[in-house]
Amino acid sequence: MMTNWTSYFREQLPEIVAELRTYVEMESPTHNKQAVDRLGLLIAERFRELGCRIERLPQETYGDQLRIEYGEGDEQILVLGHFDTVKEIGTLAKEPWREEDGRLYGPGTYDMKAGIVFAYFALRAIISHKLPLRKKLVFFWNTDEEIGSVSSEQLIRQEAARSKYTLVLEPAAGDGSLKTSRKGGGEFFLTATGRAAHAGNDHALGVNAIEELAHHVLAIQSFTDYAKGTTLSVGTIKGGSVSNVVPDWATADIDVRVQSHDEAERITRLMNELSPVLAGAELKLAGGIAKPPMERTDGTAKLFSLAQEQARLEGFELTECGVGGTSDGNFAADAGCPTLDGLGPVGDGAHASHEHVVVDAIPGRMAVLLRLLTTL
Ligand SMILES: [Zn+2]
């Protein structure tokens with residue numbers, strides 16, 4: 001394969017950008033099934049035109065999941081991405097699609113409609129150049145990543161478990177690095193109950209739920225261990241009704257991130273060991289570490305060095321990093337599949353109003369993707 005694919009995709013940029021614009025202008029917030037399905041239909045149609053086998057996996061609440069196959073063989077490569085966004089309908093009116101200073105702005109450009117567009121054009125190039133594949137390709141585009149993949153987690157795990165590799169088209173890290181590890185994480189919800197009483201007349205009869213919770217807030221914050229990559233942050237607290245009533249209720253939401261399975265176990269144990277400090281108070285814990293950490297395994301390291309080799313053939317150096325945020329790559333890796341994440345666009349501003357993709361970086365990313373799809 002002697003072609004310089006970077007220049008090939010550079011020539012195709014106008015068409016790639018136009019396709020991304022089409023996707024972005026079809027807003028697809030996770031909770032709007034109708035809107036998500038509308039974009040799903042378009043994506044399915046595009047891949048169908050390339051000769052792919054399309055499976056729509058119907059969902060009641062969220063958009064239908066798309067499983068798309070190309071090629072033959074017992075072994076497969078899983079390509080993962082999502083086409084739901086966190087941006088509500090109407091965001092486009094306030095933050096319209098625009099090209100400015102070599103950047104493509106608009107809701108969902110970077111996270112991660114560009115990634116799906118990359119996959120489409122890479123596959124189209126593979127087909128038009130009759131490049132042989134060594135494995136079957138399975139594209140899995142899900143519709144509820146932004147809320148934790150509630151209806152697609154099991155499907156992703158099953159697909160990853162029967163795949164040789166998983167390539168995730170989520171955005172790259174800021175400097176273009178691929179993501180070879182991600183923290184795992186989740187949310188805990190801790191509720192304290194006490195006994196209400198008149199704060200003036202019956203202070204001694206009350207059990208102050210806020211006081212009870214305060215002890216645990218400090219304990220939970222102290223479970224953080226930066227050296228091990230573990231963080232806990234009490235993000236909200238609520239409780240009580242009015243100042244002259246001893247509160248019988250208080251609750252806290254806690255964000256947790258862990259880098260290893262060992263730490264996930266340690267934190268889960270510590271959280272479950274919290275017990276009431278005040279006589280008469282009760283504690284209830286809900287939630288947990290829903291996303292397992294994506295650890296940098298030997299398989300991941302090997303896969304990354306293969307990607308690096310392919311980038312060098314295109315004349316650039318790929319770097320890797322670990323990040324705190326999670327993706328569906330966490331589930332794929334937890335299913336035992338070597339997973340390379342962050343193969344999507346370079347840019348910035350996921351979930352923010354300055355969300356954008358850097359145009360100049362697109363051809364190189366797509367070249368590496370095409371090379372991985374044909375050489376793995
Ligand atoms: Zn994403």
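All of these numbers come straight from a predicted model, not from anything done at the bench. Only this structure's heavy atoms are used, side chains among them; waters, hydrogens and symmetry mates stay out. Both counts, for ligands and for their atoms, begin at 1 and track the order of listing.
- For the side chain to side chain donor-acceptor pair (under 3.5 Å) test with Thr143, the passing option among Gln59, His82, Gln65 is Gln65; the others fail.
- Under 2.8 Å from the Zn ion (ligand 1) lies no N/O/S atom of Glu145, from backbone or side chain alike.
- Relative ring orientation between Tyr120 and Phe47 is described as perpendicular, the plane-to-plane angle rising above 60° on a 0-90° scale split at 30° and 60°.
- Taking 2.8 Å as the criterion, Glu170 counts as a coordinating residue of the Zn ion (ligand 1), since one of its N, O or S atoms falls below it.
- Contact annotation: the side chain of Leu370 never approaches that of Tyr8 to less than 4.5 Å [non-hydrogen atoms, C-beta and beyond].
- Ring-plane geometry between His356 and His354 is classed as tilted, the angle between the planes lying from 30 to 60 degrees on a 0 to 90 degree scale.
- The minimum distance between the Zn ion (ligand 1) and any N, O or S atom of Asp111 involves atom OD1.
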